[in-house]
Structure formats: structure tokens, C-alpha cells
Amino acid sequence: MAVPLLDLKAQFAPIEGDIRAAMDRVLASQHFIMGPEVEGLEHEVAAYCGARHGIGVSSGTDALLVALMALGIGLGDEVVTTPYSFFATAGAIVRLGATPVFVDIDPDTYNIDPTLIEAAITPATKAILPVHLFGQCADMVAIRAIAARHGLPVIEDAAQAIGSEDAGGGRAGTLGTMACFSFFPSKNLGGFGDGGMVVTNDDALAERLRVLRVHGSKPKYHHAVVGGNFRLDALQAAVLRVKLTQLDAWTAGRQRNAGVYDQAFAGISSDLLSTPAVRQPRHIFNQYVVRTPRRDALMAHLRQAGIGCEVYYPGPLHLQPCFADLGYGAGGLPQAEAAARETVALPIYPELTATQLAEVVVAVTDFFRS
Ligand SMILES: *Cc1c(COP(=O)(O)O)cnc(C)c1O
């Protein structure tokens, strides 16, 4: 039996009735953009994070873009961020004319290394943008202390991390100035299309985000600032409200599966395979990423066995062709480059059966025995 990397049909089956009812509610209303479903989701996600405001937007990418816009970041500004993330993290910075300043990662967690941040701060730095990669918070206690020393805002890229918590006792969404979530279907809380949200405790920023989301229009047809169409659909919000009620149970399932793998792989020498280093109190395992110098051979073996696996991410951001003019070369950020060569994600979704988990375990352990 094949084990896919993710099985959204298995997630959908038990909630299909509730989702169809929620979508029917929207169809009956014929209210498709923003409105009460979006407002309901905004309140529920903000409450889930323990934050005051949620601003529903069109994607996680647009959440990053509009958060940077709300801080007025643009031409000549620098934003300190990680080279080891999905493209949108750096893409949003560059789209505004600003410059991403990449700081290498902690090789254990794959998150930005806070001990390297301060050396990257210049008079042009306008924000720090850490990513909570794979569902584990970056070291926000350290990052907040640095930001406070330099008077800088912090934007959390929490696209993979809804419900994750940091050592300071807070939840993603409350660990910086603003946090950006994605509802892309493969995230832990995924819609039936694109969607995202910015969460913040700052009343003034929340107001600015709401205005920027609708072309800067306030009052209607009066534009003091230029925004964009960053609106969220009611159908997405209706689906997401149903799924949010399941999120904690799904997270528990991911954590349980991670525990099964951790235990099963504990006997493999750490020179050959390392399991995820959990350094924060609540890792939500959007991905379960292992590291091995024999990564490509392991992937070939898993694929042969019908087991889904994927590399997140095969090319670090500082080496992307579109950022060549930033002047980073190969070897410039060695930890990110090594992670891109040596890591692979295994199936971790909560609906995995015991049989499927056992198949993955057998395939991995067999590979390292050979
Ligand atoms: C998914 C993701 C995004 C972008 O979200 P979209 O909703 O796909 O636009 C941004 N950053 C990270 C770290 C992500 O994983």
C-alpha cells in the first residue's frame, strides 16, 4: 500500500457533511467576498492565537506583503530574515523594493540563528522577519530581545505554525508585532484554495491592514494610501471555520506520529539520521523533517517503496537566480546550504494509519541497515 506525503481526502471524509453545510450557508447568502463568514473566522483565529485582531487576506504571501506594507517598508529598507524558507518570505520583501538580509540558520531547528542577527542589523534595517519553519517557533525570546534593543518590529512568518508555542509561553500570532498565516491546502489549517491572515495585538496596525486590504479605500472610494486586493473569500472562511474546530485534534495526531517515528528511529546512529530537534514547547509538525548525508539515496528507496517524501527546500533563498544581484555566493550561508542538501520530509499527517506508519518505519530502518 502506498503512503502519500499528505492525504487531504482522508481529512475531508469525516467532516464532509459539516463542510458542505457551511458552504451551502454561503451559497444561500450569495455573499462571496468578506462579510460575516470572514469576520467570524477572523475572531476565531485571533482567539485561537490569543491575539486581539485577525485580518483575513487572500494568501499567506499577501499576508507577508501587506504586513510589510503596513510598516511602510519600501525602497532602500532592509529586512533581516532566513534563507531557509518558502520563496514568499523573501519575495514579499523584494516586491516592495526592499532588500532581504539573510542570516544563517540554526542547524538543529532550521530556524534563523538569533546569535547571528545582531551583526546583520544596519541603520537601514526596518524589521526582522523570522519563520517558524515546519511548525516549530523560531527562538522568539532571543529575537524579541534583539528587536527591542534596536527598536525594530518583528513579523512572524507563521504560515506553517498555527497553534505552535514558544518558550516565552506565547502562541504564534502573539510573539512579534504581526504574524502571517497561510491557509494553503497543505498547511495544518488549509482551505479549499488560497487564503491567509495577519494577526496582531496592535490596534493601529490592524486598522491599517484592513484599509490596505481593500486598495487603501477609506471611506469607500477615498484613497489616502495605495493598497491592493488582498481580500479573503467567504467560501474559504466557511470551510476554515469548520476545520478550525478540528485543528487541536489534528495537531495531537501529528505529534503522536512524530513520537512514533522518534522512537522507531532512535536506534539509528545520529551520524546517519537525525530526527527533528524539538526546542520549543509546542511543535505542530507541519512537516516531520529528518536529516541524513544519504538523503538522495534514502528518497529513492522510499519512492521505490511507494512512500511519499519531499525536500523543503532544495535551494536556499540566497542562491535563487532572481536574488543573484544581492551578492551571496555558494558557501555564504553554509548551514542553510547543508540543510538543503541533507533533509527530507516524511509523511506526518494525522490520518496516517498504524499500518502506514509502520510501513514508513520499516522502509527507513531497512535503508539504514543495508
Ligand atoms: C506557505 C508559505 C507561505 C506562503 O503562503 P501562501 O498561502 O501559499 O501564499 C509563506 N511562507 C511560508 C514559510 C510558507 O510555508
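Counting starts at 1 for both ligands and their atoms, in listed order. FYI, the numbering just counts along the sequence from 1. Atom set for the values below is all heavy atoms of this structure, side chains included, hydrogens, waters and symmetry mates excluded.
In this comparison of Phe86, Tyr312, Phe183, the heavy atom closest to atom 3 (C) of ligand 1 sits on Phe86. The residue from Tyr84, Phe181, Tyr313, Phe184 that puts a heavy atom closest to atom 8 (O) of ligand 1 is Phe184.
The list of ring-ring contact (aromatic ring centres under 6.0 Å, His included) pairs with a residue in residues 153-205, not counting sequence neighbours, reads Phe12-Phe192.
Taking a 4.0 Å cut-off on heavy atoms, Lys187 registers as neighbouring ligand 1. Under a 4.0 Å heavy-atom criterion, Ser85 is in contact with ligand 1.
Between Asp194 and ligand 1, a contact under 3.5 Å exists for no N or O pair. On a distance-only criterion, Leu133 and ligand 1 share no N/O pair closer than 3.5 Å.
A salt bridge links Arg144 with Asp166: the distance from a Lys NZ or Arg NE/NH1/NH2 to an Asp or Glu carboxylate oxygen falls below 4.0 Å. The pair Glu337-Arg341 does not count as a salt bridge, with every side-chain nitrogen at least 4.0 angstrom from each carboxylate oxygen.
Residues Pro316 and Leu333 fail the side-chain proximity criterion, which asks for heavy atoms closer than 4.5 Å.
Seen from the ring of Tyr288, Arg254 does not count as a face-on cation partner, given the 6.0 Å and 45° thresholds.
Close contacts between ligand 1 and Thr89 involve ligand atoms 11 (N) [criterion: under 4.0 Å to a heavy atom]. Residue contact check: Ala159 has heavy atoms under 4.0 Å from atoms 2 (C), 3 (C), 10 (C), 11 (N), 12 (C), 14 (C), 15 (O) of ligand 1. Residue contact check: Val131 has heavy atoms under 4.0 Å from atoms 13 (C) of ligand 1.
Looking only at heavy atoms of the protein, atom 10 (C) of ligand 1 is closest to Asp157 OD2, 3.7 Å. In this structure, the protein non-hydrogen atom closest to atom 9 (O) of ligand 1 is Thr61 OG1, 2.5 Å.
Ring pair Tyr328/Phe323: centre-to-centre distance not below 6.0 Å. Checked against the 6.0 Å centroid criterion, the rings of Phe134 and Phe285 do not qualify as a close aromatic pair.
The line from CD1 of Ile112 to CG of Asp157 is 11.5 Å long, rounded to the nearest 0.5 Å.
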